[in-house]
Amino acid sequence: MKIETITTHPYSDQNPGTSGLRKKVKVFQQPGYLENFVQSIFDSLEGFAGKTLVLGGDGRYFNRAAIQIIIKIAAANGFGELIIGQGGLLSTPAASNIIRKYQAFGGLILSASHNPGGPDEDFGIKYNVGNGGPAPEKDTLAFYQRSQSINNYKTIIIDDIDLDNIGEQHIGDLKINIIDPVSDYAELMQSIFDFPLLRQSISAGYITLLFDAMHAITGPYAKRILVDMLGAPAESVINAQPLEDFGGHHPDPNLAHAHELAEIMFSDHAPTFGAASDGDGDRNMITGSQIFVTPSDSLAIMAANAHLIPAYAQGLSGVARSMPTSQAVDRVAASYGIPCYETPTGWKFFGNLLDAGKITLCGEESFGTGSDHVREKDGLWAVLFWLNLIARRRQPVADIVHGHWQKFGRDIYCRHDYEAVETPIANALVEHLREQLPKLPGQEFGEYTVKFADEFCYEDSVDGSISRNQGIRVGFTNGSRIVFRLSGTGTVGATLRIYIERFEPDASRQDQDAQVALAELIGLAEQFCEVKKRTGRDAPNVIT
Ligand code: G16
């Protein structure tokens, strides 16, 4: 194996965001761009000689080409084994499972998640550490710093590797193991949920379901698990074929983008349960006949009912949510007497809490829920959790949700996204918000009095690391909140996210439309941040 050292020059924009480096495909296709970032990662890591690296992606455009490039750089840098999903495919939670199960040194996951794919769309790459979770901030910072001074990368000159046939291949001392991307994951799911009960509920027609794979990675996983193993009819999984451009759509599981599913779920021939997952299979959207379950409510309901699932029958050690996620799960934790942690946005912040056994379940408003079974959020796991819940409780989704609100109260919640805002405008807006923070506490706005106004700073209770500037919060004396953040996953300009919530304990007032119930707070958010005034827009691009 002859190692070549190729001269390169640094790119200034390789600072990973919320979840790895996400850019337009054309940015990644610049000479040495992907190579630099991968070499920067390897240069920042220690002790991987002869060890195993897991490699796979969501199958979007550039996935295969990127895998071939990475194989050669990994070989030249001295890894001993590469485990790669057949066809270069691995869902993000499946990759996390494989890293853990085979005790790999780490893994590279290729995805831009829910962002669109294709030659003019998005690509991404992130490194996951040996616990199967996304690299912590200290590592991603090291990758970025290295990328700013890199002047060469190592590779080998060989023909492309066959990614399509399962089995072992060897290049010099390097073993390349092409594996079935689904079977380890399916086995893990079988160990968590009550598959016999699910099979029975589906065959008896008690549960009817529809899963929208959005032409992304979960198609093969859903077909194997829901259809082959649990006996759901083949037509229960739609858009099951992974496509490089996701059929030209955003593989983003929300009511706007999973509209085919949404139309059926709100029609008079809706099945009992409907769900969708995203590009790389870590997000989930949960619906029932005539009802959409917000991700924040879904997390709270899962926490409240976890004891009904075989793997969590002993109860939960604790729960966690990202800061902008609604406080619904906090109420469940308080009532069950278990701790609830509030972390910054980004799955990487849950890793330490999960590893330390402080939490069993965690989730985010951005359509992510997961548990200690892997170190990523997990779309199909959430789907199976809900199916298992419905099978155990023998109640429709709407009854489960309304029953939960009656017991714990409802945290009425929404998120407004203003996408592709010009970066200077977004930065000025954040600065404007910051300036107001010291004077807001105590001020009254109609029925709302500001209790606190700050910028969220997180101290990790396991390793003591501190993450500052994680979103601006305005909290009111009645428990309502408005949160402002700039997204760390966009690829064009800046995306402003505004998260709004209000607690409604009165069961007779819980069935309101969120936009109506939150209208006053939505008006206040504009008063504070002036996004409409500053951008000239009259509405958010996406409301979830
Ligand atoms: C990633 C992160 C999540 C985060 C989401 C949105 O998810 O893993 O923790 O909540 O991005 O982040 P932001 O608000 O910064 O855009 P995914 O599914 O995109 O990998």
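Atom set for the values below is all heavy atoms of this structure, side chains included, hydrogens, waters and symmetry mates excluded. Counting starts at 1 for both ligands and their atoms, in listed order.
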Practice task
Among all protein heavy atoms, pick out the one at the shortest distance from atom 11 (O) of ligand 1; state its residue, atom name and that distance to 0.1 Å.
Solution key: Thr489 CG2, 3.3 Å

Problem - Min heavy-atom dist Gly346 to ligand 1 below 4.0 Å - result: yes

Practice task
For atom 17 (P) of ligand 1, grab the closest protein heavy atom and report residue, atom and distance to one decimal in Å.
Solution key: Ser113 OG, 3.2 Å

Problem - Side-chain ion pair, Arg60 and Asp245, N-O less than 4.0 Å - result: no

Exercise for the section: Answer yes when Glu365 and Lys377 have at least one side-chain N-carboxylate O distance shorter than 4.0 Å, and no when they do not. Expected result: no

Practice task
Could you tell me if any non-hydrogen atom of Arg22 lies under 4.0 Å from any atom of ligand 1?
Solution key: yes

Exercise for the section: Report yes if some N/O of Asp280 lies less than 3.5 Å from some N/O of ligand 1; otherwise report no. Expected result: no

Problem - Side-chain donor or acceptor of Ser480 paired with backbone N/O of Phe476 under 3.5 Å - result: no

Handout entry: Test of proximity, Thr345 against ligand 1: N or O pairs below 3.5 Å
Key = no

Handout entry: Minimum non-hydrogen distance to atom 7 (O) of ligand 1, winning option of Lys126, Lys348, Lys377
Key = Lys377

Handout entry: Arg497 and Glu419 ion-paired at < 4.0 Å
Key = no

Practice task
Please step through salt bridge (charged side-chain N to carboxylate O under 4.0 Å, His left out) for the pair Glu376 and Lys126, ending with a clear verdict.
Solution key: CA-CA 12 Å; Glu376 289 279 1; Lys126 69 173 177 174; 2.8 Å; yes

Practice task
Nearest heavy atom to atom 13 (P) of ligand 1 wins, so pick from Glu376, His114, Arg497.
Solution key: Arg497

Fill in the blank from the handout: Looking only at non-hydrogen atoms, the one of Arg485, Glu364, Arg283 nearest atom 6 (C) of ligand 1 is Arg283

Practice task
Would you indicate whether the side-chain heavy atoms of Phe123 and Arg22 approach each other to under 4.5 Å?
Solution key: no

Handout entry: Any side-chain heavy-atom pair of Leu226 and Tyr221 under 4.5 Å
Key = no

Problem - Within reach of ligand 1, part of Thr495 (heavy-atom separation under 4.0 Å) - result: neither

Practice task
Just jot down the ligand 1 atoms closer than 4.0 angstrom to any heavy atom of Ser366, in number order.
Solution key: 4 (C), 5 (C), 10 (O)

Problem - Gln515, CD: over 12 other non-hydrogen atoms inside 6.0 angstrom - result: yes

Problem - For ligand 1, the portion of Ser487 having any non-hydrogen atom under 4.0 Å away - result: both

